[in-house]
Amino acid sequence: MIDTIISGLVHGNVYALVAVGISLIFGVTGVVNFAQGSIVGFGAMLGWWFISVLGWPWWLALLAVAAASALIGWVINLTTVRPLIKAPPIAALLATFAASMVLDNLSQILFRADTREYPAPLPTDNLPVGGVRLGTSDAVAFGFTLAAMVALWAWLRFGRDGLAVRATAADPDAARQMGVPVTRVQNLSFLLASCLGGVGGIFFGMYAGVISPYSASFTGTVGFIAAAVGGLGSIAGAVAGGFVIGLLESLGIYQFGGGFRDLFIFGAFLLVLLLRPHGLFGSRHAVVSEPMTGTFLGAGRPIRLTWWHWAVLALAAGLAVPLLGGPVLSSVGTQVAIYAIIAVPMTLLAGSTGQISLGQAAPVAIGAYASALLVMRLGLPFLLALLLAGVIAAVLATAVTLPIWKLDGHYVSMATLALGYIVLSVIRSWDTVTKGAYGLSGIPSPEVFGLPLLVAEDHYQFDLVVLGITLFVVFRLRASHLGTVLASVGSDEVAARSLGLHTRGYKALTYAIAAFFAGLAGALLAHQYNYLDPTVFTVQMSVLVLTIVVLGGMNSPFGAVLGALALVGLPEALRLAPDVRILLYGIVVIAIIRFLPQGLWTRRA
């Protein structure tokens, strides 16, 4: 048990460094920096390169990584956060998501994707403590964290720049009027936070022993969870949250095995959100604006199509693609259609109500496994299983997040992120039903009214029909009284509440609608590829869906189809490598948010 606790503290030490950086930036800018985890990963890879390839001593590599990471953080602030500082925080949050994708894939291109052994410049088991052997590397990591936290506290408490940081965090407008250089303070917060993240990456590599460009991405996510558990904006809370999460992770693995790690971490996070949403050390009034809700569309309006436009598009998509493109283009078309089915209802959730979902892969996974099991185990016909998969996804996804809907918007966004990891953990661990990491194979192909869909052209045309139904339903909802209510919720939630609207209930309803169609898309995916495993439904899928919605226009259902065509269809058709593709995603999203925030299929009013 002692070794389990020590292991938890070692992990928690890295989580604390990441969480402090996230809280520091959030306190100064009001932006949740999702690129912090990528800085951890890039710092780990840079440390490997300096030590293993260049042969530098560990202390020099540590200084170099700290400086390089600080520079990266400054560039991220300069390109993705500072230009959007006047926009609602959701714009900068999405931009940091995109920056994370760029940095992760740049790391993969520079250092290659393979896993490699991390150098051990310091002993790892030469210090006996209570029957457990620690290493000098652990002592250095703990010492660095302790020294960094004490120095940061003293600097914030007594230093001139530290007082400027506190003043900016309290009220940036008032601080600016009092002569505080707010822009310089924001740059400084990114420099310090990124420096801590990069150093945390080196310590992560030393402890893990093996790394790859993506190996620290989960550490960044858990660092964000630790910051939220401790209280966003609270430095002490970030440290405490890091160690609490580290201990919970180790104790959960000790008691139940590694398959339940995510369930413990994110289940505990949901519990904290429910009981103390502002965190263990956070203040109820620390979050003065919503960092994960709202829209940055300005006065944009979706471009309308006439009936004959729709007729031409339907004929072109339904007949020209399979006839002229054959099975290859039809296979690409199925992927475009499936992602479009997920993204189109998200325009109601993210565009109309202004509520962001960071875990939309969860209802996709629920629908995929539900449909496959209903057909394989219970022998239900495909069409019935398809509809039930949507219902099951909507019910389960909404039920898990139901207690959270009474909270403010950004807490719900956090809950959807947690839901994505919880669903993956259940799928990996429930071997008797889902076959765990081995996946489900032999899933029957779709059969519609007795007609089997065996070739890519058949799958594509059926997916196109489902997409058409999805578009019809979403457009009808937007034109209805319910659509008007949802738009009012997104435009001004406070005013909507003052008029007696139960805004959180409407958001929950919209989330359930989006989850239903995500479940349908998951069922289509399962039966057309005849195989499922948990690696399909990652946070990258959720980010891709959100990226599609942003690219097309968060308030434009047809724009979501164009976004899927651009971000899924075009890279598949051009056979771009996955790392280049995601690098392109990130650059496109940053450019869209910065220069065309209304999206591709929205005109300025």
Side-chain angles (χ1 to χ4, degrees), residues 30 87-91 93-94 270 273-274 277-278 284-285 287-302 343-360 363 391 393-417 419 470 472-518 546 549-550 553-557 559-560 597-599 602 605:
I90 183 61
L93 179 142
L94 293 175
L270 282 179
L273 283 181
L274 183 61
H278 49 280
R284 291 181 182 272
H285 307 291
V287 181
V288 296
S289 64
E290 285 292 341
M292 294 185 184
T293 59
T295 177
F296 52 93
L297 299 175
R301 292 184 293 116
V344 166
M346 284 282 287
T347 61
L348 289 173
L349 183 64
S352 295
T353 70
Q355 179 63 63
I356 295 297
S357 171
L358 301 177
Q360 205 63 13
V391 172
V395 170
L396 290 182
T398 307
V400 172
T401 58
L402 188 61
I404 308 298
W405 288 102
K406 68 179 183 179
L407 304 173
D408 292 323
H410 69 283
Y411 297 118
V412 178
S413 299
M414 294 179 191
T416 61
L417 176 67
L419 176 65
T470 305
F472 176 79
V473 171
V474 170
F475 273 115
R476 292 297 298 170
L477 285 173
R478 288 174 60 84
S480 67
H481 175 70
L482 175 61
T484 303
V485 172
L486 296 180
S488 68
V489 170
S491 297
D492 193 330
E493 187 169 353
V494 175
R497 286 180 185 174
S498 68
L499 293 174
L501 295 179
H502 186 52
T503 58
R504 290 159 185 168
Y506 281 112
K507 286 186 176 183
L509 173 62
T510 312
Y511 177 72
I513 293 171
F516 171 80
F517 285 102
L546 193 57
V549 176
V550 171
M554 290 179 73
N555 219 23
S556 173
Q598 74 272 16
T602 307

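The first residue of the sequence shown is numbered 1, and numbering continues consecutively from there. All heavy atoms count here, side chains included; hydrogens, waters and symmetry mates do not.
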Nearest heavy-atom contact between T347 and G553 is CG2-O, 4.3 Å
Determine, step by step, whether N555 and R478 satisfy the side-chain contact (heavy atoms from CB on, under 4.5 Å) criterion, reporting the C-alpha distance in whole Å, the side-chain angles of both residues, the deciding distance to 0.1 Å, and the verdict. CA-CA 10 Å; N555 219 23; R478 288 174 60 84; 3.3 Å; yes
Nearest 0.5 angstrom please: Y511 OH to L349 CG, how far? 8.5 Å
Taking every non-hydrogen atom, the tightest pair across G559 and S556: N-OG, 2.9 Å
Non-hydrogen atoms of P345 and V474 that approach each other most closely: CA-CG2, 4.0 Å
A515 and A397 have their tightest heavy-atom pair at CB-CB, 4.2 Å
Decide yes or no for V489 and K507: does some side-chain heavy atom of the first lie under 4.5 Å from some side-chain heavy atom of the second? yes
Taking L419 as the fixed residue, which of L358, L270, T401 is the one that meets the side chain to side chain contact (heavy atoms under 4.5 Å, CB included) rule? T401
Student check: side-chain heavy atoms of R504 and Q355 closer than 4.5 Å: no
Quick one, F517 and V344 - any side-chain contact, counting heavy atoms below 4.5 Å? no
Evaluate L482 against L509 for side-chain contact (heavy atoms from CB on, under 4.5 Å), listing each step before the verdict. CA-CA 10 Å; L482 175 61; L509 173 62; 4.2 Å; yes
Closest heavy-atom pair, L501 versus S488, reported as atoms and distance to 0.1 Å, is CD1-OG, 3.7 Å
Decide yes or no on side-chain contact (heavy atoms from CB on, under 4.5 Å) for T510 and S352, but give the supporting numbers first. CA-CA 9 Å; T510 312; S352 295; over 6 Å; no
Non-hydrogen atoms of T398 and A512 that approach each other most closely: OG1-CB, 3.4 Å
